[in-house]
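One structure is given here, and the rest of the page talks about it.
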Amino acid sequence: MAEHIIKEVIEDSIAAQLGIVPGDVLLKINDVAPADIFDYQLMTLNEYIEVWIRKINGEEFIYEIDKDEAEDIGLEFELGLMDHLRSCENKCIFCFMDQLPKGMRETLYYKDDDFRLSFLLGNYITLTNLSEADINRIIRYNLTPINISIHTACPKLRVKMLNNLRAGKLMDIMRRFQEAGIMMNGQIVLCRGVNDGKELANTLRELMLYQPELFSVAIVPAGLSKYREGLYPLEQFSKEEAEAVLDMIKGYNKLTWSIRGKRLFFASDEWYTLAERKLPLANQYEEYPQLENGVGMMRLFITEFNEALNKEKKRRKTKKYLNEIAVCPPKHRQISVATGLLAYPYLKQLVLNLTGNFPELTVNLYGITNHFFGENITVSGLLTGADIINQLKDKPLGERLLLPDNVLRSSGDIFLDDFTQAQIKKALQVPVDIVESSGYAFVEALLCDNTIEGKVTNE
């Protein structure tokens with residue numbers, strides 16, 4: 001029988017009033033042991049439930065609870081899903097986890113592939129570890145949307161790319177989800193010479209049949225680190241190949257637009273850098289359904305930056321502000337910003353625009369080359385503390401250094417290579433601010449002359 005250790009009891013909740021405490025164990029609800037958080041949530045929807053608890057001292061009690069429908073009884077569990085995470089069973093030819101160097105902290109090597117995290121957190125999953133019961137549960141509980149790592153519509157090729165015989169069942173599962181009204185987002189990691197060209201065209205054409213339940217599909221180039229010894233031989237896309245990918249996506253989006261009045265396929269920002277093309281306008285991103293895949297992140301950032309800059313320019317023309325600076329003129333400030341090479345050319349233009357309007361501010365913008373993973377990796381989210389320190393230690397940094405928040409792991413102020421924010425500050429002898437990855441917060445961090453060291457957000 002499944003047992004679920006209670007981690008926390010919400011204050012003043014039904015469970016707290018009944019005397020249930022952390023350390024007690026949930027055994028059953030209505031004489032059925034919940035398998036995970038979804039079973040638990042469904043079982044506790046009823047107005048009358050019987051909750052079977054084993055106390056810390058070993059005694060067991062059945063609590064009869066009358067409550068409002070859907071009212072939470074106030075329990076949180078040591079395992080957030082009330083079950084262990086499902087790990088990935090694939091050996092994908094492009095997997096970035098397999099391209100990590102040895103000796104990093106253990107948690108970085110864990111590959112999850114859990115459909116419950118797809119629903120709860122937006123993670124992308126391959127569907128290769130789903131049982132028939134899992135598929136039925138997704139449909140029965142209407143766990144929508146589900147985010148799916150597709151990569152190709154060809155069953156044989158997908159088996160090859162994922163090194164998993166079950167990978168060829170994807171399109172059948174997606175068809176069942178479509179028939180059940182489960183909304184889906186897709187992701188295609190494009191590998192040069194594998195699933196590009198004609199294979200990509202076939203995949204995009206096939207995926208059009210899954211609309212409208214298939215809401216969006218991101219196409220991203222495989223990230224290739226320098227640690228690929230013994231792995232499938234993959235190479236970077238050329239400028240001409242990136243142009244061909246963008247042209248293909250544009251062509252198929254013309255079809256989806258003519259049929260349904262919306263775009264289905266979205267290229268990640270890297271393709272425009274590789275192809276040396278301008279980013280699409282904001283309205284071409286369909287309200288940004290694929291930001292987590294790096295689709296439209298720079299366009300959204302630029303839009304937010306320009307809005308914040310224009311607002312500040314208007315504020316500085318007001319009589320109140322003019323009176324303030326007549327008494328206390330703005331002092332000159334020098335700030336440094338470090339980012340990945342992908343964002344660098346875009347931020348360079350934004351910074352030039354900002355400093356042109358506010359001459360009291362000097363901004364030193366530095367693009368950090370990723371020596372840790374290899375120069376092919378250009379996103380700021382994979383920068384390490386060592387690369388930041390080594391490339392900035394002899395540079396003028398001014399009164400503080402700004403870093404985007406995606407350089408830190410979600411668990412705290414730790415960089416990928418285990419450097420901390422405090423260590424960066426000590427090594428560079430400058431206060432370090434972590435800035436929320438939005439154009440609004442970036443403008444605020446650059447222009448605010450009383451920034452508190454630590455984190456800058458736009459709240």
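Hydrogens, waters and symmetry mates are skipped; everything else that's a heavy atom, side chains included, is used. Source: prediction; values computed, not measured.
- For residues 362-371, every residue pair satisfying the side-chain hydrogen bond (donor to acceptor under 3.5 Å, both in side chains) rule, not counting sequence neighbours, is listed here: H332-T362, S336-N364.
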Exercise for the section: Run the numbers on I182 and L143 for side chain to side chain contact (heavy atoms under 4.5 Å, CB included), then give the verdict. Expected result: CA-CA 7 Å; I182 301 294; L143 300 184; 5.7 Å; no
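- In this structure, the side chains of Q178 and Q211 stay at 4.5 Å or more apart for every pair of heavy atoms.
- By the 4.5 Å heavy-atom criterion applied to side chains, L309 and K313 are counted as neighbours.
- Of all heavy-atom pairs spanning G181 and N142, the tightest one is O-OD1, 4.5 Å.
- If you take OG1 on T339 and CZ on F442, they are separated by 8.0 Å, rounding to the nearest 0.5 Å.
- Note that the SG atom of C154 and the NZ atom of K198 stand 14.0 Å from one another [nearest 0.5 Å].
- One distance of note links CZ of F177 with OG1 of T144; it measures 10.0 Å at 0.5 Å rounding.
- Between F94 and Y232, the ring centre distance reaches or exceeds 6.0 Å.
- Donor-acceptor pairing under 3.5 Å is lacking for the side chains of N195 and T152.
- Between the side chain of T384 and the backbone N or O of D417, no donor-acceptor pair lies under 3.5 Å.
- Taking 4.0 Å as the cut-off between side-chain N and carboxylate O, E312 and R316 count as a salt-bridged pair.
- Side-chain atoms of T203 come within 3.5 Å of backbone atoms of A153 as a donor-acceptor pair (strictly under, hydrogens ignored).
- Across all non-hydrogen atoms, the minimal contact from L214 to V217 is CD2-CG2, 3.7 Å.
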Run the side-chain donor-acceptor check on residues 292-304: report pairs under 3.5 Å with partners two or more places apart or on a different chain.
residue: E292; atom: OE2; partner: Y124; partner atom: OH; Å: 3.3
residue: N293; atom: OD1; partner: Q187; partner atom: NE2; Å: 2.8
residue: N293; atom: ND2; partner: Q290; partner atom: OE1; Å: 2.7
residue: R299; atom: NE; partner: P280; partner atom: O; Å: 2.7
residue: R299; atom: NH2; partner: L279; partner atom: O; Å: 3.3
residue: R299; atom: NH2; partner: P280; partner atom: O; Å: 3.4
residue: T303; atom: OG1; partner: R299; partner atom: O; Å: 2.9
residue: E304; atom: OE1; partner: G439; partner atom: N; Å: 2.9

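- A distance-only check finds no donor-acceptor pair linking the side chain of N253 to the backbone of K250 [under 3.5 Å].
- For the pair R175 and Y210, the cation-pi criterion (under 6.0 Å, within 45° of the ring axis) is fulfilled.
- Between D433 and K425, no side-chain nitrogen of the basic residue sits less than 4.0 Å from a carboxylate oxygen of the acidic one, so the salt-bridge criterion is not met.
- Two residues are said to be in side-chain contact when any heavy atoms from C-beta on lie closer than 4.5 Å; N306 and N353 meet this criterion.
- No more than 12 heavy-atom neighbours from other residues, nucleotides or ligands sit within 6.0 angstrom of NZ on K169.
- Taking each heavy atom of G367 and L341 in turn, the nearest pair found is C-CD2, 3.7 Å.
- In L165, the CG atom is not crowded: 12 or fewer heavy atoms of neighbouring residues, nucleotides or ligands sit closer than 6.0 Å.
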Practice task
Check the pair D72, T44 against side chain to side chain contact (heavy atoms under 4.5 Å, CB included), reporting the backbone distance first and the verdict last.
Solution key: CA-CA 7 Å; D72 184 21; T44 56; 5.6 Å; no
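- When side chains are defined from C-beta on, R137 counts as touching R140, because their heavy atoms get closer than 4.5 Å.
- Using modelled atom types, no side-chain atom of E199 and backbone atom of D196 make a donor-acceptor pair closer than 3.5 Å.
- In this structure, the side chain of Q99 engages the main chain of S225 through a donor-acceptor pair within 3.5 Å.
- In this structure, D387 contributes its side chain and F372 its backbone to a donor-acceptor pair below 3.5 Å.
- Under 3.5 Å, the side chains of T420 and D413 contain no donor-acceptor pair of N or O atoms.
- Residue K111 qualifies as enclosed at atom NZ: its count of foreign heavy atoms under 6.0 Å is above 12.
- The nearest pair of heavy atoms linking A308 to Y440 is CB-CD2, 3.9 Å.
- A salt bridge links E243 with K239: the closest approach of a Lys/Arg side-chain nitrogen to an acidic carboxylate oxygen falls below 4.0 angstrom.
- Side-chain N or O atoms of R400 include none that pairs as donor or acceptor with a backbone N or O of P431 at under 3.5 Å.
- Within the model, atoms CD1 of I389 and NZ of K426 stand 11.0 Å from one another, a figure rounded to the nearest 0.5 Å.
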Exercise for the section: Take L200 and M248 through the side chain to side chain contact (heavy atoms under 4.5 Å, CB included) test and state the conclusion after the steps. Expected result: CA-CA 9 Å; L200 177 59; M248 184 182 297; 3.7 Å; yes
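- Between C92 and L162 the shortest heavy-atom distance is SG-CG, 3.6 Å.
- Using a cut-off of 4.0 Å between Lys/Arg side-chain N and Asp/Glu carboxylate O, E286 and K262 are scored as not salt-bridged.
- With a 4.5 Å cut-off on side-chain heavy atoms, L383 and F415 do not count as touching.
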Problem - Residues I148, L170; criterion side chain to side chain contact (heavy atoms under 4.5 Å, CB included); working and verdict - result: CA-CA 9 Å; I148 304 171; L170 171 73; 3.6 Å; yes
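- Taking all atoms of both residues into account, the shortest heavy-atom contact from N185 to S216 is OD1-OG, 2.7 Å.
- Using cut-offs of 30° and 60° on the angle between ring planes, the pair F96 and F373 is tilted.
- When the salt bridge (charged side-chain N to carboxylate O under 4.0 Å, His left out) test is applied to R176, the partners found at least two apart in sequence or on another chain are E132.
- Inter-residue side-chain proximity for Y252 and L264 is flagged as unmet; no heavy-atom pair is nearer than 4.5 Å.
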Practice task
Using the side-chain hydrogen bond (donor to acceptor under 3.5 Å, both in side chains) rule, take N90 and T126 through it: C-alpha gap first, then chi angles, then the decisive distance, then the call.
Solution key: CA-CA 9 Å; N90 311 309; T126 65; 3.0 Å; yes
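- Residues D98 and K91 are paired through a salt bridge, judged by an N-O separation under 4.0 Å between the basic side chain and the carboxylate.
- With E71 contributing its side chain and D68 its backbone, the two residues share a donor-acceptor pair below 3.5 Å.
- When atom types are taken as modelled, the side chain of H151 and the backbone of I188 share no donor-acceptor pair closer than 3.5 angstrom.
- Remark: K7 does not engage E76 in a salt bridge, criterion side-chain N to carboxylate O under 4.0 Å.
- Considering V435, V351, L446, L401 as possible partners of V337, the one that fulfils the side chain to side chain contact (heavy atoms under 4.5 Å, CB included) test is L446.
- Interatomic distance, SG of C191 versus CD of E235, reported as 12.0 Å (0.5 Å rounding).
- For R333 and E360, the salt-bridge test fails: no basic side-chain N is under 4.0 Å from an acidic carboxylate O.
- Under the 4.5 Å side-chain criterion, counting only non-hydrogen atoms from C-beta, V407 is not in contact with L382.
- Using modelled atom types and a 3.5 Å distance limit, the side chains of E241 and S238 yield a donor-acceptor pair.
- Taking CD1 of I219 as the reference point, atom CZ of F266 lies at 9.0 Å (rounded to 0.5 Å).
- K393 has its side chain within reach of N390: a pair of non-hydrogen atoms, C-beta onward, lies under 4.5 Å apart.
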